[in-house]
Amino acid sequence: MLDDTCFFFKDILVVKPPKKSRMLLRTAVLMFSMACSIFIFSVCLKQISTHARTKFLELNIIEKPSQSTVIPYLHYPEPVSFRRNECARNPVLFFAILSNQRSGSGWFETLLNSHSNVSSNGEIFSVIGRRKNASSILHTLDKVYNLDWLNSASKNECSAAVGLKWMLNQGLLEHHKEIAEYFDRKRVSIIFLFRRNLLRRMVSLLANSYDRYAKLLNGTHKSHVHSAEEADILSKYKPTINSTSLLDDLKDMEMRSAKVLEYFNSTRHIILYYEDLVRNPNKLKDVQQFLGLPQMELTSRQVKIHRGPLSDHIQNWDDVNKTLKGTVYESFLEADY
């Protein structure tokens, strides 16, 4: 009908009107054209908004699934190394914690493993040979999800959720296509764990790297500690941060996290932040629901190393403060965690 109307006005334009009405006719045509443009634009905008809203809702469903969505992701593994005995009919959910070093993943994994029905097998791909190519990665994953990967975290027969911790720099991004296909085929659920304050993460990275050689705790290197005394000893070292490359380094950290979210967005997942878990322990209930677990109080013996303001933990604080002031990263300077 819109086209017919437009042709109608086109026909009118062909007729030579009297000079007195020409200006009036041009004004009418202009106003009608503007009305058509506004109508078409509003229809398109509504379609775009509806599409974006649909995508947003879909993402929320993936990030915060209901208990009913867990059912299709349950498995009944038949391990080669042992018999599940009376637990053979107990279903198992497969998961993977995808994170960066010094983002709270070690602490988070100890919380998960305090659940009587969870077996999270640690940083398996820290060993280079297990991630030398896509084939070796998938072979290792097969052993984990078939319950044939045995270590101190294994609950064996009655595990209700089994998985591992996987750092983004351990072959995950290089072989993301094959891994994403594997996760979708095996119906593996992903827990993304990130740290909001990337400056604190950088301090932790530099301090941990220093202690690998300095071994401040009686000649022993420890990435995680279980007492306030040990934490105080390790926190005495103040790293010097390269303020010249600081902004680029923070951007690179953000890009790495953005890439993994893009590569695995179609896989069932939940997104967590270390700071949120520290401030609100009830977030752990969401995790247990996501894994289809009975609710339990989760505990960890690990103690935070770098406590208090960041100015107490950076050698060249004035340079870092000056570099980040007035940038999108300024909030990192004041954050508690």
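Nothing here was measured: the structure is a model prediction, and the numbers come from that model. Count residues from 1 along the sequence.
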Ring pair (Phe, Tyr, Trp, His ring centres under 6.0 Å) contacts in which one or both residues fall within residues 215-256, not counting sequence neighbours: Tyr210-Tyr237
If we ignore hydrogens and angles and just use 3.5 Å, is the side chain of Glu330 paired with the main-chain N or O of Gly326 as donor and acceptor? yes
Keeping Ser99 on the side-chain end and Leu193 on the backbone end, is there a donor-acceptor pair under 3.5 Å? yes
If Ile, Leu, Val, Met, Phe, Trp and Tyr residues are connected whenever their side-chain heavy atoms lie under 4.5 Å apart, and connections chain through other members, are Val225 and Val278 in the same group? no
Shortest non-hydrogen contact from His313 toward Ser235: ND1-O, 3.9 Å
Side-chain donor-acceptor contact under 3.5 Å, Thr240 with Asn316: no
Give the intermediate values and the outcome of side-chain contact (heavy atoms from CB on, under 4.5 Å) for residues Trp149 and Val162. CA-CA 10 Å; Trp149 193 273; Val162 62; over 6 Å; no
Compute whether any side-chain donor of one residue and acceptor of the other, for Gln295 and Gln289, lie under 3.5 angstrom apart. no
If you compare all heavy atoms of Arg102 against all heavy atoms of Ser204, which two are closest, and at what distance to 0.1 Å? NE-OG, 2.8 Å
For the residue pair Val92 and Ser159, what are the closest heavy atoms and their distance? CG2-O, 3.2 Å
Might you point out which heavy atoms bring Lys222 and Leu217 nearest each other, and give the distance in Å? CD-CD1, 3.7 Å
Gln101/Asn169 under side chain to side chain donor-acceptor pair (under 3.5 Å): CA gap, chis, key distance, verdict: CA-CA 9 Å; Gln101 280 88 353; Asn169 63 349; 3.0 Å; yes
Minimal non-hydrogen separation, Asn117 against Cys158, with atom names: ND2-O, 3.4 Å
Does a donor on one side chain and an acceptor on the other come within less than 3.5 Å for Asn133 and Ser136? yes
Hey, does the side chain of Asp276 reach the backbone of Lys283 with a donor-acceptor pair shorter than 3.5 angstrom? no
Within-4.5 Å side-chain heavy-atom neighbours: Ile97 and Ser120: yes
Walk me through it: do Phe108 and Ile191 pass the test side-chain contact (heavy atoms from CB on, under 4.5 Å)? CA-CA 11 Å; Phe108 176 71; Ile191 300 173; 4.0 Å; yes
Step-by-step side-chain contact (heavy atoms from CB on, under 4.5 Å) determination, Asn90 to Arg84: CA-CA 9 Å; Asn90 287 7; Arg84 297 192 71 204; 4.1 Å; yes
Can you tell me how far the OG atom of Ser266 sits from the CD atom of Glu181, to the nearest 0.5 Å? 10.0 Å
Is it the case that the side chain of His139 and the backbone of Ala134 share a donor-acceptor pair, with hydrogens and angles ignored and the cut-off at 3.5 Å? no
Glu78, CD: over 12 other non-hydrogen atoms inside 6.0 angstrom: no
Does Tyr145 reach the main-chain N or O of Phe95 with its side chain, forming a donor-acceptor pair under 3.5 Å? yes
For the atom pair CG (Asn100) and OG (Ser257), what is the distance rounded to the nearest 0.5 Å? 4.5 Å
Tyr273 vs Phe194 aromatic rings, parallel, tilted or perpendicular, using cut-offs 30° and 60°? tilted
Evaluate the ring planes of Phe332 and Tyr329, with Trp represented by its six-membered ring, and classify them as parallel (under 30°), tilted (30 to 60°) or perpendicular (over 60°). tilted
Donor-acceptor pair, distance only, cut-off 3.5 Å: does the side chain of Asn121 make one with the backbone of Gly163? yes
Membership question, hydrophobic clusters at under 4.5 Å side-chain separation (ILVMFWY): are Leu272 and Leu198 in the same one? no
Contact check, side chains of Ile179 and Phe264, non-hydrogen atoms, under 4.5 Å: yes
Do Asp184 and Thr267 meet the criterion of a side-chain donor-acceptor pair at a distance under 3.5 Å? yes
Apply the test side chain to side chain donor-acceptor pair (under 3.5 Å) to residues Ser103 and Arg195: give CA-CA distance (whole Å), side-chain angles for both, the deciding distance (0.1 Å), then the verdict. CA-CA 5 Å; Ser103 296; Arg195 192 165 187 169; over 6 Å; no
Donor-acceptor contact below 3.5 Å, side chain Arg256 vs main chain Lys251: no
Taken to the nearest 0.5 Å, the spacing of Trp107 CH2 from Tyr274 OH works out to 6.0 Å
For Thr244, does its backbone N or O pair with a side-chain atom of Asn242 as donor and acceptor, under 3.5 Å? yes
Please check if Leu147 and Leu138 belong to a single hydrophobic cluster, counting links between Ile, Leu, Val, Met, Phe, Trp and Tyr side chain heavy atoms closer than 4.5 Å. yes
For Ser189 and Arg268, test the side chains for any donor-to-acceptor distance below 3.5 angstrom and give the result as yes or no. yes
Count I, L, V, M, F, W, Y as connected when their side-chain heavy atoms are under 4.5 Å apart, and connections chain through other members. Are Met253 and Phe192 then in the same cluster? no
Any non-hydrogen side-chain atom of Ile124 less than 4.5 Å from a side-chain atom of Lys165? no
Side chains of His175 and Arg131: does their closest heavy-atom pair fall under 4.5 Å? no
Following the transitive rule for hydrophobic clusters with a side-chain heavy-atom cut-off under 4.5 Å over Ile, Leu, Val, Met, Phe, Trp and Tyr, establish whether Ile241 and Leu234 coincide in one cluster. no
Working note: Asp142 + Tyr182, criterion side chain to side chain donor-acceptor pair (under 3.5 Å); need CA distance, chi angles, decisive distance, verdict. CA-CA 10 Å; Asp142 278 341; Tyr182 179 93; 2.7 Å; yes
Leu216 versus Asp211, closest heavy-atom pair with distance: N-OD1, 2.8 Å
Within 6.0 Å of NZ in Lys304, more than 12 heavy atoms from elsewhere: yes
Establish, for the pair Arg130 and Phe125, whether the NZ or CZ atom is under 6.0 angstrom from the six-membered ring centre and no further than 45 degrees off its axis. no
For Arg89, is the CZ atom crowded, meaning more than 12 foreign heavy atoms sit under 6.0 Å from it? no
Gap separating the CG atom of Asn321 from the OG atom of Ser311, nearest 0.5 angstrom: 9.0 Å
Main-chain N/O of Pro79 paired with Asp148 side-chain donor or acceptor, under 3.5 Å: no
Output for pair (Leu324 CG, Leu199 CG), nearest 0.5 Å, gives 6.0 Å
Would Asp232 and Arg307 pass as an ion pair if we require N to O under 4.0 Å? yes
Quick check: are there more than 12 heavy atoms from other residues, nucleotides or ligands sitting under 6.0 Å from CG of Asn218? no
Which word best sums up how the rings of Phe94 and His75 line up, parallel for under 30°, tilted for 30 to 60°, or perpendicular for over 60°? parallel
What's the spacing between His115 NE2 and Leu284 CG if we round to 0.5 Å? 11.0 Å
Met167 vs Ser105, side-chain contact (heavy atoms from CB on, under 4.5 Å): CA-CA, chis, key distance, verdict: CA-CA 9 Å; Met167 301 295 101; Ser105 60; 3.5 Å; yes
Check whether any side-chain N or O of Gln288 sits under 3.5 Å from a backbone N or O of Met296 as a donor-acceptor pair, and report yes or no. yes
pair Gln315-Pro239: side-chain heavy atoms closer than 4.5 Å: no
